[in-house]
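Along the sequence shown, the residues carry numbers beginning at 1. Both ligands and their constituent atoms are indexed starting at 1 by order of listing.
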Amino acid sequence: MKKIALAIHGGAGTLVRGIMTPEKESMYKAVLERALQKGYLLLESGGSAVEAVEASVKELEDSHLFNAGKGSVFTSEGKHEMDASIMDGKTLNAGAISLVSGIKNPISLARDVMEKSDHVFLASKGAMQFAEKLKYHLEDEKYFYDELRFQQWQEIRGTKSFKLDHSVNKDSKFGTVGAVACDSFANLAAATSTGGMTNKQFGRVGDSPMIGAGNYANNKTCAVSCTGSGEFFIRGVVAYDLSCLMEYKNLSLQDAAEELIQNRLLKLGGDGGLIAVDALGNIAMPFNTEGMYRACKSSDGADQISIYMN
Ligand code: ASP
């Protein structure tokens, strides 16, 4: 059996050691651990990378602690508009949805777009119509409500600014979620899901559902899921650029990931991080913020759940 590897993230941002209570910290770690186990057990039993990343992301979406699914941030109109995407590195098939509401697990809808439609990206009413056709149950607004997210929105409500949920307050909760996997057949997949940015303008789409910006997978190179200020990840085409640095410049996964996050993204003015795996089961998780909720496990012995730098 070839190596298997899985990495997940729950957002990058102003995570400063000592500001969060130990209880809160263990809550976050417990959810990360659960999400990691979900996907890893699937990989261990011969499941595909696509199945594993969907399973891990669903677990994170179901927790109010992260800005995806339940606990998504508020738009400028006080609503939740969620984005998600998934990509299969073996076939280069991809599915993405944007500006959806009421969907408990946006990542599953993205996978359905990939597998049950002729399209890659469905947005807004079109995505909702597609979900309806597939008989998705719609949750009401209350399901997505989270007091802290609401307070974050109150702070900038009515202004023109929009913020990463990660960077509003030192003790604010963090965000966007993602998973990348290498399965026992050396197939790769990436999945990313988010509520976007607090007080974002109606109709704003971030990098998370954009194939090549916030999410990408290709068996030849890597699977990658990004988190941070989406506008910069879109302009830097970060996820695809990571694959390009490996394919055209022969950079290792780690070197390519560091170059993007510590150099190219910073030069654009962007903050955030990414998680990535390659088909040899290597894992990279760089970020240029104070912290990033992250975890990884591989048959090679990698086993980590971390929040802060080092
Ligand atoms: N990248 C996400 C977006 O801009 C935000 C995040 O990573 O938390 O929508």
Side-chain angles (χ1 to χ4, degrees), residues 7-15 28 32 57 60-61 63-76 79-85 96-101 106-107 110 121 123-124 146 148-149 152-153 156 161-169 172-180 190-216 224-242 260-261 265 268-276 285-294 307:
I8 62 172
H9 73 76
T14 343
L15 282 162
Y28 279 99
L32 286 170
V57 166
L60 295 166
E61 285 176 338
S63 163
H64 70 101
L65 295 176
F66 300 101
N67 171 22
K70 188 180 200 160
S72 283
V73 296
F74 287 83
T75 66
S76 60
K79 300 258 160 56
H80 306 285
E81 291 180 352
M82 298 170 288
D83 301 337
S85 66
I97 48 108
S98 185
L99 307 171
V100 301
S101 308
I107 198 61
F121 202 153
S124 192
D146 178 72
L148 201 120
R149 300 272 183 245
Q152 288 174 339
W153 175 49
I156 51 173
S161 64
F162 61 103
K163 287 186 173 156
L164 270 185
D165 60 310
H166 325 11
S167 301
V168 181
N169 293 320
S172 67
K173 289 193 282 182
F174 296 53
T176 289
V177 308
V180 291
T192 307
S193 179
T194 189
M197 291 171 82
T198 301
N199 208 37
K200 65 183 180 180
Q201 190 181 317
F202 169 65
R204 178 263 187 188
V205 178
D207 60 316
S208 309
M210 286 186 197
I211 299 303
N215 198 68
Y216 187 72
V224 51
S225 168
C226 303
T227 171
S229 330
E231 279 65 16
F232 296 95
F233 283 78
I234 295 171
R235 289 164 54 203
V237 203
V238 171
Y240 184 59
D241 204 18
L242 175 55
L260 271 160
I261 296 300
L265 185 65
L268 272 178
D271 58 343
L274 61 81
I275 52 167
M285 304 194 289
F287 52 95
N288 63 28
T289 46
E290 277 140 310
M292 177 167 84
Y293 289 109
R294 61 201 186 279
I307 301 180

So which of V177, T176, D207 gets nearest to atom 1 (N) of ligand 1, if we judge by its closest heavy atom?
D207

Measuring from the heavy atoms of H9, does anything fall under 4.0 Å of ligand 1?
no

Is T227 close to ligand 1, meaning an N/O of one under 3.5 Å from an N/O of the other?
yes

Is the shortest N/O to N/O distance between G228 and ligand 1 below 3.5 Å?
yes

If you measure from each heavy atom of G11 to ligand 1, is any distance below 4.0 Å?
no

Polar proximity ligand 1 side, G230 side, N/O cut 3.5 Å exclusive:
yes

Could I get the full list of side-chain contact (heavy atoms from CB on, under 4.5 Å) partners for T194, not counting sequence neighbours?
N67, D83, T176, S208

Per-atom contacts, ligand 1 versus G196 - under 4.0 Å to a heavy atom:
9 (O)

Proximity to ligand 1 by part of C226, non-hydrogen separation under 4.0 Å:
neither

Start with the C-alpha gap between F287 and H9, add the side-chain angles, then the distance that decides, and say whether side-chain contact (heavy atoms from CB on, under 4.5 Å) holds.
CA-CA 11 Å; F287 52 95; H9 73 76; over 6 Å; no

Check whether any side-chain N or O of S101 sits under 3.5 Å from a backbone N or O of H80 as a donor-acceptor pair, and report yes or no.
yes

My understanding is that only residues two or more places apart in sequence, or in another chain, count here; which of them pass side-chain contact (heavy atoms from CB on, under 4.5 Å) with A7?
V180, I275, I283, M285, C296

